Amino acid sequence: MFLKDYISEVYNGVSSLLKGMRKTGYYFTHSKEIITEQYPDNRATLKLADRFKGEVVMPHDENNEHTCTGCTACELACPNGTIKIITKFDITPEGKKKKAIDAFIYRLEMCTLCNLCVAACPSDAIKMAPNFEHSVFDRSKLTKILNNPGSKIKEGIE
Amino acid sequence: MNISSILFYAISALILGAGILAVTSVKIFRAAIWLLFSLIGIAALYFWMQVEFIAAIQIVVYVGGIVVLIIFSIFLTQHSGKEMNSPARSKKIFSALAALFGTAFVHNLIVHYEGFAFNSAKPFNPSVAEIGTQMLSTTSYGFILPFEVVSMLLLAAMVGCIVIAMRPANTINSEIPNSTTLVNNKD
Amino acid sequence: MLSLESITKTTQDWLFAKFSPQIALTIECVIVILLAITLFAVLGLVLVLLERKVAARIQIRLGPNRVGPGGIFQTAADTLKLIMKEGLTPDAADKFLFNLAPFIVMMVAMLLLAPIAFAKNFQIWDINIGVLYISSVSSLSVIGILMAGWASNNKYSLLGAMRSGAQIVSYELSAGFAVLTIVVLTGSLQISDIVAAQENGWWLFKGHIPVIIAFVLYIIAVTAETNRAPFDLAEAESELTAGFHTEYSGMKFALFFLAEYINIFIVCAIGATLFLGGWMPLHIGHWENFNHVMDYIPSSVWFMVKTFFLIFLIMWFRWTFPRLRVDQLLNLEWKYLLPISLFNLLLVTVIAIMGWYF
Amino acid sequence: MYNQTEIIKDTTDLGPEGELIVNMGPQHPATHGVLHLVVTLNGETIKKIEPHLGYIHRSIEKMCESLTYRQFIYVTSRMDYLSSHINNTACALLVEKGMQIEVPERAKVVRTILNELTRIASHELWIGAMAMDLGAFTPFFYAFREREMITDIMEDTCGARLTMNYIVPGGLMYDIHPEFQTKVKAFIKQFKEKVTEYEDLVTGNVIFQSRTKGVGILTASDAISYGCTGPVARGSGVNCDIRKIAPYDAYDRVEFDEIIETAGDSFARYMVRVKEMNQSIRIIEQLIDNIPEGDFVGKTKNVLKLAKGEFYQRVETARGELGVYIVSEGGTTPHRIKFRSPGFSNLSVLNHIAKGSKIGDLMATMGTLDLVIPDIDR
């Protein structure tokens with residue numbers, strides 16, 4: 001019947017709309033559902049995942065020693081040419097020549113944070129750090145030397 | 001000269017100025033807009049005369065209805081943005097003559113019957129209910145016959161619209177897919 | 001008790017005692033104009049902020065909260081930004097009409113303010129055809145939109161203007177019919193008469209189901225007339241980027257934006273006046289004590305509360321529903337709203353003649 | 001095809017017979033990226049749509065030819081960035097197939113779970129964007145709330161939220177996070193509670209239904225001849241789920257239904273995606289408690305070299321069938337690589353199905369095609 005269909009159509013339409021309004025009305029009245037995170041204010045409590053891939057860093061221990069042997073496995077694994085390792089030869093106390101890194105150059109602006117260099121490293125010298133606030137005013141500041149000045153390779157790492 | 005007459009002359013100037021611009025404008029859309037201002041001016045004149053009902057009806061019918069229709073039809077034409085050619089000189093002369101003749105004729109009529117005498121009788125202020133009663137009354141000065149004739153005209157116009165707007169029934173359901181043509185491509 | 005009524009009365013008495021009637025009238029005009037402009041500015045700031053806060057709460061966000069405490073100066077800052085921006089005019093636009101259009105829209109909004117009763121005896125112009133005046137003047141705003149859309153010389157604008165024209169012209173009908181139901185019940189077009197008729201109860205409660213239907217129809221129709229979602233086809237941003245005001249920037253855009261919010265305020269104020277008793281306090285039957293307490297709340301507060309309730313309702317619609325398609329919009333009007341409102345008007349007429357309302 | 005001068009000429013003037021040519025995009029709120037549509041209109045009715053591509057072309061296929069088989073995987077995350085995991089899986093599967101690398105069961109199961117999570121995340125984003133195209137803003141935020149939980153899980157395990165690069169040839173880059181299982185279970189619980197919201201706000205809404213039902217109808221035969229895959233084809237009644245047809249990873253051991261709707265309109269495509277999310281939840285529920293112990297990566301050589309020949313692998317991404325085709329000359333890098341992306345074929349039907357409808361319908365149709373422009377324009 002035409003009139004009956006017409007009325008039920010109107011009824012169903014209106015009730016579906018009211019259902020939607022009930023849902024949004026629920027959220028309007030329940031302020032604890034708000035999920036906004038006020039980012040720069042919550043820096044102190046901000047918790048990033050420990051695996052978060054923000055940038056490549058080279059951990060140094062308290063004696064300013066790292067474990068990078070300068071094998072360039074990471075340089076080869078990198079798809080973008082982000083890493084450049086400059087090696088030198090140290091003279092050990094026994095008088096032998098030993099290969100070591102002079103500068104571990106890391107260009108953050110070219111890095112896609114793919115983690116392949118970290119996976120390729122045989123001596124776990126580099127890792128990903130959960131830093132994400134990378135903005136700087138000068139692009140050249142994004143080119144970093146990861147090994148600290150005067151740092152040495154840890155004993156026993158070949 | 002008091003505020004009231006200043007207002008009258010200002011409104012009249014608006015009506016006449018906008019009217020002249022409407023006929024002289026070379027862009028058709030602008031002509032429509034000037035016509036709109038002219039009609040609004042007439043509504044303002046009605047407000048000035050304190051016949052608010054007529055003023056409101058003037059706005060509803062002429063401004064809200066007719067000018068919007070005109071603008072719509074301008075939109076639907078192709079070259080609404082182009083400047084129109086200036087009309088031939090003979091046309092201009094004849095138009096000016098016709099306008100002059102019309103003005104003279106109206107002036108003559110007014111002078112003949114009433115003159116420009118200012119009628120300061122009691123303000124004409126009928127209530128809305130009176131207007132409604134008068135509209136439907138069958139006594140003398142009742143408007144029932146014109147009212148009904150106009151309704152018939154509008155009904156005819158509406159039926160005509162519906163007939164024009166209806167599209168042939170066969171074009172509606174032609175694009176529904178045939179559900180029997182489902183194909184499986186399992187491999 | 002300090003009320004707006006006594007303030008206006010003392011001001012008027014003082015002015016007429018001090019100056020000649022013509023000068024006093026002129027001063028009154030200036031005061032009214034200043035008040036209207038102030039109201040516009042304040043309403044613009046408040047309503048935009050309210051909209052953003054309502055949207056944020058519905059969308060489980062916080063909303064603006066950086067400029068001032070709780071973000072209350074956010075809209076002021078936005079306005080400052082818009083004022084300082086360059087108002088670009090496209091090269092191929094019809095410059096005169098392009099620049100005129102926002103002012104037409106704004107002017108119409110200002111004209112509509114005249115017959116609204118903000119409080120008891122606080123009204124700019126209690127015209128005897130109040131409701132008719134409102135529906136006639138509000139039909140002017142479509143001209144501004146059409147003008148803006150055409151003069152921009154932009155295809156999105158033109159499409160938006162066409163849509164908006166078709167939409168406003170058709171939805172005016174059911175808005176008009178909804179208003180007419182109250183006119184039929186009251187027997188007057190004057191705003192003050194309509195409010196006075198609701199002294200012992202608002203029409204929404206007095207007039208049975210037909211008036212409730214008329215109220216719903218009115219809300220739907222004015223949502224469409226003010227180009228608000230789900231009827232915001234004239235500026236449907238996913239289809240037409242910004243519709244008729246695509247090419248506007250700076251203060252000219254701000255005027256369109258402001259006019260939209262002012263129009264919402266006005267239609268809600270009219271809705272509150274017609275259906276919810278305007279500035280009349282809530283009275284329930286014979287509960288004398290309750291009614292007495294309600295009378296203590298100033299009439300302007302009553303009016304504002306009702307208006308803002310309706311504004312909130314319209315905002316709630318916007319942040320819940322998807323947008324209709326242009327042909328569905330017209331279908332809704334011509335197939336559903338118009339027949340229902342015609343039938344409803346007939347029903348109300350019968351009720352009014354038989355005196356079946358309370 | 002169109003050349004650039006033609007575009008400029010056409011769009012500055014009205015076409016013949018009152019046609020209106022509108023350039024939608026490359027900067028348009030509904031094209032979700034840099035898609036450029038030249039739409040010929042007659043009033044509000046669409047007469048012709050011509051998609052223009054090339055605004056985000058990064059020559060990913062060419063780039064991959066200069067990268068080794070370990071390196072090229074990360075680039076594929078940038079194609080269809082909403083199903084980056086699945087893209088990576090496709091590449092890893094291809095390399096594993098080409099070198100006969102044995103993948104540990106644990107890696108297979110984790111890959112499957114992550115792929116399904118990615119699919120849910122992609123569909124969640126799509127549902128929000130789709131509602132936004134139709135003018136409803138609020139569902140976007142509700143959808144993103146659930147998607148946020150998935151990206152958090154991804155961040156915990158893979159270390160990134162969008163371009164994970166977690167899958168390597170032979171398995172996974174590192175083991176799953178210790179809290180992976182509990183977090184996924186928490187997500188499933190919340191998802192099941194909140195999924196009714198979409199029904200209230202979107203699916204059941206009368207306006208949404210009238211906007212999508214009977215709009216953009218694609219017949220099954222057209223879907224096949226245009227090469228449509230994924231939810232677009234399944235909405236037209238074509239069964240084309242690669243997870244069923246050619247199971248990979250752990251899909252052969254889980255129970256799930258291939259969702260097929262026969263109406264072929266926008267609403268059918270919408271329903272396919274909504275129901276697919278529930279099926280993904282079903283798959284995850286079956287696997288999450290049964291992640292086998294063991295290695296997460298199989299034994300691989302240090303330098304990967306594919307044998308000389310041609311290799312092809314297809315997977316089901318959130319948008320349809322992604323095919324990876326490699327011609328190898330036996331070296332460490334692919335000689336030629338070709339991605340068969342689902343979005344490209346799905347976009348190609350747009351003119352066919354949106355012709356004759358209104359501009360508003362174009363948004364509904366384009367929304368349900370679920371276009372990701374970097375996927376179309378690699």
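Keep in mind that this is a model prediction, so the values were computed, not measured. Lettering follows sequence order; numbering is per chain, from 1.
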Query - Heavy-atom contacts under 4.5 Å, residues 138-148 of chain C to chain B - result: C/Ser139, C/Leu140, C/Val142, C/Ile143, C/Leu146, C/Met147
Query raised in the report: Does C/Asn227 reach the side chain of C/Phe244, with side-chain heavy atoms less than 4.5 Å apart?
Result: yes
Query raised in the report: Counting only N and O atoms by type, is there a donor-acceptor contact under 3.5 Å from the side chain of B/Ser38 to the main-chain atoms of B/Trp34?
Result: no
Query raised in the report: Under 4.5 Å, heavy atom to heavy atom, which residues of residues 96-115 of chain C contact chain B?
Result: C/Phe96, C/Leu97, C/Leu100, C/Ile104
Query raised in the report: Between C/Trp334 and C/Leu173, is any pair of side-chain heavy atoms under 4.5 Å apart?
Result: yes
Report task. State, yes or no, whether a side-chain contact exists between B/Ile59 and C/Tyr133 at a heavy-atom distance under 4.5 Å. Result -> no
Requested in this report: Please list all pairs passing the salt bridge (charged side-chain N to carboxylate O under 4.0 Å, His left out) test where one or both residues lie in residues 10-25 of chain B, with sequence neighbours left out.
Outcome: none
Query - Pairing residues for B/Tyr62 by the side chain to side chain contact (heavy atoms under 4.5 Å, CB included) criterion, not counting sequence neighbours - result: B/Leu39, B/Gln58, B/Ile66
Report task. Taking all non-hydrogen atoms of both residues into account, name the closest pair between B/Arg30 and B/Ser25 and its distance. Result -> CB-OG, 3.5 Å
**Report entry** 4.5 Å side-chain heavy-atom contact, C/Tyr171 and C/Leu329
**Finding:** yes
Query raised in the report: Mind checking whether C/Tyr248 and C/Phe256 have parallel, tilted or perpendicular rings, split at 30° and 60°?
Result: perpendicular
